[in-house]
Protein chains: 2
Amino acid sequence: MVRCSRWTLGGGGGPAAGVRVNPRQTELERSRRRGRGPRRPPRAARHNVLVTERRRTRRPTIVDIAAAAGVSKSLVSLALRGDEGVSDATRARILGVADELGYRSNTLARGLVQGRTMLLGVLLTDLANPYHTEVVAGVEEAADAEGFTALLAHGRNDRRRLEQQLDALLQLSVDGVVVISSWLDPRVLTEAARRAPVVMVGRPAEHPTGVDTVANDDAAGATAAVEHLAGLGHRRIAHIAGSRRPAARARREGYLAAMRRAGLAAEAAVHTIGDDTGRRAAAAAELLEAAAPTAVFAVNDLAALAVLDRAHVLGVPVPDRLSVVGYDNTGLAETVRPRLTSVDQPRATMGRLAVTLLLERLGGRTADRREVLPPTLIPRASTGVAPAG
Amino acid sequence: MVRCSRWTLGGGGGPAAGVRVNPRQTELERSRRRGRGPRRPPRAARHNVLVTERRRTRRPTIVDIAAAAGVSKSLVSLALRGDEGVSDATRARILGVADELGYRSNTLARGLVQGRTMLLGVLLTDLANPYHTEVVAGVEEAADAEGFTALLAHGRNDRRRLEQQLDALLQLSVDGVVVISSWLDPRVLTEAARRAPVVMVGRPAEHPTGVDTVANDDAAGATAAVEHLAGLGHRRIAHIAGSRRPAARARREGYLAAMRRAGLAAEAAVHTIGDDTGRRAAAAAELLEAAAPTAVFAVNDLAALAVLDRAHVLGVPVPDRLSVVGYDNTGLAETVRPRLTSVDQPRATMGRLAVTLLLERLGGRTADRREVLPPTLIPRASTGVAPAG
DNA sequence: GTGAAAGCGCTAACAG
DNA sequence: CTGTTAGCGCTTTCAC
């Protein structure tokens with residue numbers, strides 16, 4: 001879309017309230033439109049002018065190809081999409097001209113008429129979170145394989161923005177949306193699902209109807225962590241819990257249940273932690289000093305890192321006197337010293353599965369599906385046998 | 001786009017070669033279209049049917065609103081966009097109906113007719129690279145402020161995919177593209193810039209004509225690192241260089257020049273490093289063992305991390321016997337122990353500047369601009385005074 | 001085999 | 001102040 005010859009900045013008036021419309025649709029905006037109206041000169045004339053232009057050329061359309069190849073635009077369309085009923089000679093000519101003119105189809109026009117865009121929207125809370133980006137990798141892989149293009153929209157840790165971006169994707173007529181976030185209100189998701197299939201990757205507080213979900217089994221992950229540590233002889237296994245978000249909650253419950261099953265209910269100790277670095281460090285310090293555990297199961301790798309860091313400061317050797325298990329198995333786990341034992345979620349698989357579910361919806365499925373995938377504990381250097389004491 | 005009632009998976013025949021077309025446009029595909037043709041029933045009839053549908057409703061259009069409000073669709077359009085010349089009563093009624101029906105404008109249709117989409121494409125090489133994502137944050141912030149929506153496309157460290165995604169964005173008629181990558185061929189960028197304004201963030205090997213660029217001053221950053229270390233009394237300052245990519249090259253040259261200027265030309269030692277973790281570790285080991293430097297300036301934080309890690313293994317205390325400086329000031333720098341001294345690029349500013357340049361292009365500027373922003377060294381715990389020996 | 005025509009949902013000139 | 005109309009670029013019957 002490059003036909004505007006001028007474009008001014010600034011401005012931005014208030015559109016009608018209540019209904020979402022393009023926020024910059026002001027008078028200023030409208031006045032800067034390319035100058036065409038119903039009474040414009042016939043295409044041939046326009047074309048001649050534009051052909052002379054140098055940079056920022058008007059994109060050639062099938063009409064241009066048709067003219068150059070001396071056929072109708074319908075035939076161009078048919079030839080371009082490989083329809084059988086076009087003679088080889090004509091097809092070759094059309095394709096040649098198209099290539100020469102550097103023709104690219106217009107997704108807007110095609111989408112408008114076809115009623116589908118072959119676009120998949122991926123909405124994510126936090127680009128900086130490697131967990132999210134690895135799910136994205138799975139989504140992209142599967143989307144590619146199915147001929148879809150994945151377009152990412154970023155919520156920047158802001159629920160409102162997340163909703164806006166979701167809306168933008170839907171207005172763009174994407175054929176489906178993968179939401180990698182558990183921040184959105186279930187009702188918002190349900191509403192979105194009435195416009196296009198929506199799959200949520202993550203653990204929702206409350207299952208949104210009409211929306212499929214893909215999650216990992218947090219309780220199983222917590223159990224694996226506790227059993228790993230108990231198997232190494234640890235008894236005072238503390239837990240650093242996250243906020244009240246569903247996944248964190250499930251890990252906490254899983255931890256408590258596993259401790260009970262291991263006969264260690266009396267040793268269970270939970271310390272809650274904030275989302276920011278400072279609170280994380282404080283919680284780590286508190287936990288190490290107060291509970292004096294020999295092992296810690298942290299709600300995620302960042303929390304585990306805070307523990308490692310604190311242990312480093314306090315001169316507590318890991319894993320000799322303290323074992324630490326994280327969750328998510330992010331790249332961090334393989335970067336820090338000592339390498340962090342962590343519970344791995346099959347992120348790429350989750351991403352791929354999300355696309356599969358989307359395609360099933362497009363295929364007509366109406367029943368909701370909630371997939372739960374098993375996590376795997378990856379043992380590394382941060383866990384060892386419990387100290388003799 | 002949810003009007004297809006059925007959607008089958010699999011398939012994927014070969015489209016006409018040479019011209020990029022929707023890769024899944026096969027017979028199978030076409031047969032699954034919603035059943036409408038030129039001879040379909042008038043809208044009113046259709047509407048009645050669809051209103052009865054429960055889930056996955058047809059998106060209401062301005063025609064639906066017009067019908068419900070008893071006005072023409074143009075009036076709806078005007079009212080929705082806050083045009084002056086609509087009576088308050090009518091406007092209120094239209095807005096009310098729109099709200100009730102859950103109307104959202106169709107970006108495809110609007111973009112097609114307006115010749116612009118208010119969409120900005122952001123193309124990036126690597127989602128997992130925090131440097132990239134922080135530039136994205138700047139882009140998004142500025143895009144937001146100007147009323148644009150930023151849509152991300154991910155090249156996944158693959159030049160071909162990067163080109164495909166760029167193409168997809170252009171076919172979508174985005175109003176501009178920010179390319180956060182130095183992987184693309186200059187000719188590809190120049191070609192893209194003929195369709196929509198393109199700004200590249202990063203240091204290109206060769207400046208693509210018609211494309212604006214935003215980069216940091218790598219030589220200045222390298223100089224800052226060397227001067228910081230020399231100021232701490234270091235003389236044997238080695239450099240871990242990256243691949244032959246332009247930014248890495250500029251840092252290397254900057255390092256050599258700065259060493260010369262500091263009278264340390266004889267002490268300069270460059271070790272080249274690969275992009276993968278293994279090669280990185282090997283280079284770090286080689287460097288520490290062979291050159292026995294008291295300080296290392298690494299091409300980026302990941303390389304610096306490899307050095308820290310190696311030093312840890314070899315029992316070399318940092319910063320007591322070895323100082324380490326990274327580049328990029330990623331989150332890692334604040335996570336590792338000891339905290340890493342690093343050269344910071346003003347990433348958010350670069351992202352915002354990229355959007356500004358884009359808007360200038362849309363405003364009619366035709367001359368290329370190459371912006372170079374100064375980096376800043378952030379001293380942390382990984383650098384200290386040179387050991388006495 | 002090929003062309004003509006209708007229309008996706010929307011905007012914007014112009015006529016009333 | 002409101003309705004009519006033409007058309008963005010493309011796909012898809014249907015008729016020749």
*With heavy atoms under 4.0 Å as the rule, sort Ser87(A) into base, sugar-phosphate or nothing.*
sugar-phosphate
*Within the structure shown, what part of the strands sits under 4.0 Å from Ser77(A) by heavy-atom distance: base, sugar-phosphate, or nothing?*
base
*Which residue, Arg195(A), Glu191(A), Gln165(A), forms the side-chain contact (heavy atoms from CB on, under 4.5 Å) with Leu170(A)?*
Arg195(A)
Between atom [atom1] in [X] and atom [atom2] in [N], what is the gap in whole Å?
X	N	atom1	atom2	answer
Leu108(A)	dC8(C)	CG	C1'	12 Å
Ile65(B)	dT11(C)	CD1	P	10 Å
Asn106(A)	dG9(C)	CG	C1'	14 Å
Arg104(A)	dG9(D)	CZ	P	17 Å
Asp64(B)	dG9(C)	CG	P	8 Å
Asp175(B)	dC8(D)	CG	P	19 Å
Glu84(B)	dT2(D)	CD	P	14 Å
Asp83(A)	dG3(C)	CG	C1'	14 Å

*asked:* Asp185(B): which residues meet the salt bridge (charged side-chain N to carboxylate O under 4.0 Å, His left out) condition with it, sequence neighbours left out?
replied: Arg187(B)
Among the nucleotides [options], which one has an atom lying closest to any side-chain atom of [X]?
X	options	result
Thr61(B)	dT11(C), dG9(C), dT2(D)	dG9(C)
Ile62(B)	dG9(C), dT11(C), dG7(C)	dT11(C)
Val86(B)	dT11(C), dC10(D), dT2(D)	dT2(D)
Ser74(A)	dT11(D), dA5(C), dA12(C)	dA5(C)
Gln114(A)	dT2(D), dT2(C), dT12(D)	dT12(D)
Leu75(B)	dG3(D), dT2(C), dA6(C)	dG3(D)

*Quick one: do the Thr190(A) and Arg194(A) side chains pair a donor with an acceptor below 3.5 Å?*
no
*Looking only at side chains, do Ser105(A) and Gln171(B) share a donor and an acceptor under 3.5 Å apart?*
yes
_I'd like to know if Ser72(B) reaches the base of dT2(D) with its side chain, counting only an N/O donor and acceptor under 3.5 Å._
no
*OP1 or OP2 of dT12(D) less than 4.0 angstrom from a side-chain nitrogen or oxygen of Arg81(A), does that happen here?*
yes
*With respect to the phosphate group of dT2(D), does any side-chain polar atom (N or O) of Thr90(B) fall under 4.0 Å of OP1 or OP2?*
yes
*Using side chain to side chain contact (heavy atoms under 4.5 Å, CB included) as the criterion, list what pairs up with Glu141(A), not counting sequence neighbours.*
Arg352(A), Arg156(B)
*Hey, which of these two, Leu78(B) or Ala109(B), hits DNA chain C nearer its 5' end, going by closest nucleotide?*
Ala109(B)
